[in-house]
Amino acid sequence: MCNCLFNIIKKMCYVNEKGNCFIKKELLVMDNNHIAQFFYKITEYLELKGENPFKIRAYSNAARIIESHTKDLSKITDIVELRKIKGIGESIAEKIVEINKTGKCSYLEELEKEIPKGLLDITTVPGIGPKKAAFLYKEKKIKSVDELKKYAEKGKLHDLKGFGEKTEENILKGIEVKDKFHGRMTIGQALPAAKEIINYLSKKLKIKQITEAGSLRRRREDIGDIDILASSDDNMPAKKIMDAFTASPFVKEVLAKGGTKSAIISHDDVQVDIRVVEKESFGAALQYFTGSKQHNIILRQYAEGLGFKVNEYGVFRLKDNKKVAGETEESVYKALGLPLIPVPIRETGEEIELALKGKLPKLVEKKDIRGDLHFHTVKSDGFNTIEEIVKDASAFGYEYIALTDHSQSLKVAHGVTEKDKLKQIETIRKLNEKNNKFKILAGAEVDILKYGDLDYPGNILKKLDIVVASVHSYFKFTRKEMTDRIIKAIKNPNVDIIAHPTGRLFGTRDEVEADWDEVFKAAAYYNTALEINSFPNRLDLKDIYCRRAKEFGVLFAISTDGHNTNQLEFIEYGINVAQRGWLTAKDIINTKSYSDLIKWLNRGQALQKL
DNA sequence: GCCGTTTTCGGCCCGACTGTTTTCAGTCG
């Protein structure tokens, strides 16, 4: 090891009296997501061990609960406090505390010693679950996907009990599929792909009810596979839909084809599942296949307490098995005394408890949004002129738009010089004088420089109607440096919105390291809004952060960061993020009328920000 | 492992499809 690296490690670690090396506590960067990963891993190992399924479920529930919890659990070291969270008991609370204090989980480490890591990879091969993986290890000592492939290729598996030639063939096919999948898709890829298939089937067969389901319908930011649900009736039997689907032009390979359920791999190497139910059950099936899994488990448990059974065919009274609901999703919830729970927040099950108390928020909707507050013109790296943007944004139903070209330092995006910025402001003022119906806000997306200063001087910033500030450089700053840098911009009295606050890009760049609770606290205190960037590869802030930031009292702007007017419609993705973050119209500044928005933008002087 | 109007033990959501076996276990959602 070179001296340089050795010195870095030495600075990061300390060695205890037993000679064990630990990362210094101040360097432990833990958040809910990191903690949840420990429990997801434990879940996988317990499955391989063939542990009690309910114990496994307890761990996977805990992982999901931790991941989506609105408080930062990494700062809690009190077991009693952690145990107040439903689903977290004595044992898991102890493990969270251990993780928070040491960055390690000894239980997981024991499991890692006991079970070869490669078995986890084997379970990612479609068709191979924990049981088969453990069996293969026991019988043939297979502990990696490569070894599994070699055995299957040589035909050395079909003599095993429960394994036939077909299984062997499917293993090889599964490995091939797995190699082609590069993780999950963004919602921006999955949704248009799903709509294309749905349109094709509904036009070809004139199916009355066909829609996306699963995490896609819940509008999660990333999607594993596409789920589609359709209804059948006397004129449109399920078989006809199965035949049309598996013979459609999208199909590269048929994975499974049954009477009511089929799965294919598309030419884009995406798995698409379809399920057909009779129209009398469509609502129940839609509820069921939309999930989440946890939402359904809680709903079914609750239903049982009321004397009902819920499945994909309907709600049934336990005493006489009489069906009491199922044709619409609303009827399913209504039969259980619940309002129709908004799709995007069906996640952990807490939404069911709150619905029972009548405490669900009225989520922001598309119709609430009155304008886009982050848009680029040809002046920097956009595609359209101001006139084109005004025309298209107006036709889109907006009352206003903020034109926020990049500032001068961002050369790659043709950042606008101070001189040109002043000219652009003048142009916008003149256009506004001529148009009373639609208003343009003169703005800029201003770079937050290395130490938190802005890329335009105060005299320019003061002339602008709206200032959107964002980080485009020095992404690798330490947590402390980045937190200070963003908060300095938040404090700047000229700044109205922090754009794409975490800077992540799906598949390209992780979010920057920062103490987000501190950032949210500052944004709330200094009344600076945080952006929900609707660009499908950003979706930044993400849903969980939105919900946490709201608890601090932060306001948000849902914007597209559009560079072309056909990207105005990306706003839907941002709205979905806001909905999944439990935000209402009141939390969003661009639901305000133009005059109210101007009042809000002028709040700085009244507040005398520090 | 978690939970409790059935509280310290006993139960924990539900069904389709596949491949194998011949009544079912494993996988998946």
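Note that the coordinates shown come from a computational prediction; the quantities given were computed from them, not determined experimentally. Because only heavy atoms are used, hydrogens play no part in the values below, and waters and symmetry mates are left out as well, while side chains stay in. The chains referred to below are lettered A, B, ... by the order of the sequence lines, with proteins before strands, and numbering in each begins at 1.
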Counterpart residues, side-chain hydrogen bond (donor to acceptor under 3.5 Å, both in side chains), relative to [X] (two or more places apart):
X	answer
A:His69	none
A:Asp227	none
A:Glu353	A:Lys86

Polar atoms only, N or O, under 3.5 Å: list the protein pairs with nucleotides 4-9 of chain B and their distances.
none

For atom [atom1], what is the distance between [N] and [M], given to the nearest Å?
N	M	atom1	value
B:dC3	B:dT8	C1'	11 Å
B:dC12	B:dT5	P	16 Å
B:dG26	B:dT20	P	14 Å
B:dC13	B:dC2	C1'	16 Å
B:dT22	B:dA16	P	23 Å
B:dT23	B:dC17	C1'	16 Å

### Task
For A:Phe506, enumerate each residue passing the ring pair (Phe, Tyr, Trp, His ring centres under 6.0 Å) test, keeping only those at least two apart in sequence or located in another chain.
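Once residues adjacent in sequence are excluded, A:Phe506 has no partner under the ring pair (Phe, Tyr, Trp, His ring centres under 6.0 Å) criterion.
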### Task
Using the closest heavy atom to pick a nucleotide of DNA chain B for each, name whichever of A:Ala93 or A:Asp273 lands nearer the 5' end.
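First, find each residue's nearest nucleotide; the 5'-ward one identifies A:Ala93.
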#### Entry: Of A:Arg83 and A:Asp225, the one whose closest DNA chain B nucleotide lies more 5'
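Per heavy-atom nearest nucleotide, the more 5' residue is A:Arg83.
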So, [X] and [Y]: side-chain donor and acceptor under 3.5 Å apart, yes or no?
X	Y	value
A:Glu221	A:Asn576	no
A:Lys95	A:Ser91	yes
A:Asp273	A:Gln271	yes
A:Asp540	A:Thr502	yes

Give the rounded distance in Å between these two atoms: [atom1] of [X] and [atom2] of [N].
X	N	atom1	atom2	value
A:Ile42	B:dG1	CD1	P	10 Å
A:Ile79	B:dG1	CD1	P	14 Å
A:Gln271	B:dC28	CD	P	10 Å
A:Glu90	B:dG1	CD	P	11 Å
A:Lys84	B:dC2	NZ	P	17 Å
A:Leu299	B:dC12	CG	P	16 Å

### Message
Regarding A:Ile92, tell me which of base, sugar-phosphate or nothing describes its non-hydrogen contacts under 4.0 Å with the strands shown.
### Response
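It contacts sugar-phosphate atoms only.
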### Message
Does A:Ile56 reach a base, just sugar-phosphate, or nothing at all? Heavy atoms under 4.0 Å.
### Response
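No contact.
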### Query
Once each nucleotide of nucleotides 13-26 of chain B is scored for protein heavy atoms under 4.0 Å, what B/S/- sequence comes out, 5' to 3'?
BBSBSSSS-----S
### Query
Among A:Arg300, A:Glu351, A:Glu347, whose side-chain hydrogen bond (donor to acceptor under 3.5 Å, both in side chains) with A:His295 holds?
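The residue from A:Arg300, A:Glu351, A:Glu347 that satisfies side-chain hydrogen bond (donor to acceptor under 3.5 Å, both in side chains) with A:His295 turns out to be A:Glu351.
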### Message
Can you tell me which residue among A:Glu169, A:Glu165, A:Glu168 is in a side-chain hydrogen bond (donor to acceptor under 3.5 Å, both in side chains) with A:His158?
### Response
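The side-chain hydrogen bond (donor to acceptor under 3.5 Å, both in side chains) with A:His158 is passed solely by A:Glu168 among A:Glu169, A:Glu165, A:Glu168.
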#### Entry: Counterpart base for B:dC28, defined by Watson-Crick or G-U wobble contacts under 3.5 Å
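Base-paired to B:dG15.
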